[in-house]
Amino acid sequence: MTTENKENLKKLAAALLPEATLSIEEIVETYPPRKLSKDAIVTRIAPSPTGFMHIGGIYAALIPERLGHQSGGVFYLRIEDTDKKREVEGATELIVNSLKAFNIKPDEGQIGSNREIGDYGPYKQSERKLIYQAFVKKLIEDGDAYPAFETIDELGKITEQQTAEKIAPGYYDKWATWRHKTTEDAFAALEKGLTPVIRLKSTGDLQKFILIEDLFKGKLRLPENNQDIVILKSDGLPTYHFAHLIDDHFMGTTHVIRGDEWLASLALHVQLFRKMNWELPKYGHIAPIQKLDGTSRRKLSKRHDPEANVAFYEAAGYPAEVVIMYLLNLANSGFEKWLNENPNEKLENYKLSIEELKKGSGALLDLVKMDSFGKEYIGRLSAENMAALALRWAKKYDDELAGLMEYDMNYTIQILNIERENVKARKDISKWSDVRSQIGFFFDSLFTKQGINMDELAGCDLKSVKEVAAMVAEKYNPTADKEAWLQNMREISVELGYAPDAKTFKQEPEKYKGNFGDMAKIVRVLLVGKNQSPDLYEVMQVLGAEKVNHRLTSNIWSAKK
Ligand code: GLU
């Protein structure tokens, strides 16, 4: 349709897009260039509202958010809802709330399902339909785009034939049937009631290459695009490619940071910007988060991996800061060193390095590492803070625990305070779902439910266990300080035939039933249910004399023969 006269093309454009009345001048005026310093980066996160928030989506938001904000620039949220078939109700709120939960704050864009802030909106693509159409109309008028009326079946047949001929599939050259038709043909098809898509007339040549420097992947050499891609679908909304072109241009994006599934379309996007004569933004393609499956790596899958869903981290009780620390560390391996040197700094103050991001290729999800960030982070919280946060989590995910914690918050705080103020604070909790297994035994009902693992005392005969329990119960003095308590425990051990310490035992093992540690183990297992707990003195202090006495003499275990 290139050779058509301007008048015919104009008429066709008007017939195809009767709603497109917005003028290009008006649009240009609505979106003046941003007034920012030369080095300021304007970037964005542009998710589609599909109703699923992938942890990779948070990762892909965190990187532009950091780069934008640390440069004194702008980070905004754009909702890409042009694929109406994939849209799910409530999905925009899910995106907004997930970003909020991880403290990723866009300066502009959607802040609720129908609320937004910022001067470069609307930030929801479906509300920008007339803006896209204005440019599509212009491209048709200029002979750079044309309507194509093939049905899905007809397109399928073209692909079949191309496959049979072993040539590249797609809509190009002679296969681009409608490229070679006249405006008359188009009017005739419209007359028949057919609805077309609009395709861009490609000027690319597969034998030629574009050179481009990706922010993270470095220099790339990509073959030009030779396909006449669809820019406007039959429902009047643009495809991603075209919407990205218009939005990132008018919203003043300087850096397009996105998943590397878009790398394959980069040559096309460069072609689009060149066609419009607009300045090309910088592109940075992020490798997806991967998972180790046996010995091979694969992309974290929404369908198969529960940990792909951000809801997984909330339910497990990872504090949002911990997830962010983990993701920052995936992005920049130098982050952990910075965190160790600046444990009390706000995470926002970490300066993400593009150079370091370049080194990463397919970050690997490692929950053990996330746990270790969790232990450090929670280890630095005060007991009061920890109790409040753990309770908030438990109220949503563990009612029974929440009830017990809340019933006596002072007791809960005391429990969580054990070994907290030591030089090396206690680090046995990496996420709130660990709280039940780590401190549940302090609550009688959970202690009874969990029971005592008597296998832990396999080496001791029941008679000795009973003797130890009875004597400790009788002689335990809750007002004694740690030293006096230790002294008392040693005396008991000697009285019952245990060596007062490991050294004495080693010298003459045949003289003793065991050493002091063996006796302490009995006390610990009976009080806690297992042979692992924070400092025994502190545990007994917090449990209090009544619980200590009751557990040591309890018939849960003492009735055993
Ligand atoms: N809507 C696209 C996606 O969700 C956005 C890609 C981009 O950031 O440009 O993958």
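Numbering of ligands and ligand atoms starts at 1, following listing order.
- Evaluation of the side-chain hydrogen bond (donor to acceptor under 3.5 Å, both in side chains) rule for Y76 yields R78, D248, T253 as partners, not counting sequence neighbours.
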Atom pairs and distances, ligand 1 N/O vs protein N/O under 3.5 Å:
| residue | atom | partner | partner atom | Å |
| --- | --- | --- | --- | --- |
| ligand 1 | 1 (N) | A46 | O | 2.8 |
| ligand 1 | 1 (N) | S48 | OG | 3.2 |
| ligand 1 | 1 (N) | E80 | OE1 | 2.7 |
| ligand 1 | 8 (O) | R44 | NH1 | 2.8 |
| ligand 1 | 8 (O) | R44 | NH2 | 3.4 |
| ligand 1 | 9 (O) | R44 | NH2 | 2.6 |
| ligand 1 | 9 (O) | Y240 | OH | 2.3 |
| ligand 1 | 10 (O) | W262 | NE1 | 3.1 |

Point to revise | Derivation and outcome, side chain to side chain donor-acceptor pair (under 3.5 Å), residues Y350 and E345 | key: CA-CA 8 Å; Y350 176 69; E345 267 293 357; over 6 Å; no
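- Aromatic rings of Y318 and W393 (six-membered ring for Trp) have centroids beyond the 6.0 Å cut-off, not under it.
- Side-chain contact annotation: S71 with D39, donor-acceptor N/O pair under 3.5 Å absent.
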Going by atom type alone, with no hydrogens or angles, which donor-acceptor pairs under 3.5 Å involve a side-chain atom of residues 96-104 and a protein atom two or more places apart or on another chain?
| residue | atom | partner | partner atom | Å |
| --- | --- | --- | --- | --- |
| N97 | ND2 | E93 | O | 3.3 |
| S98 | OG | L94 | O | 2.6 |
| N103 | OD1 | K105 | NZ | 3.2 |

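- For residues 207-221, the salt bridge (charged side-chain N to carboxylate O under 4.0 Å, His left out) pairs, not counting sequence neighbours, are E213-K219, K217-D260.
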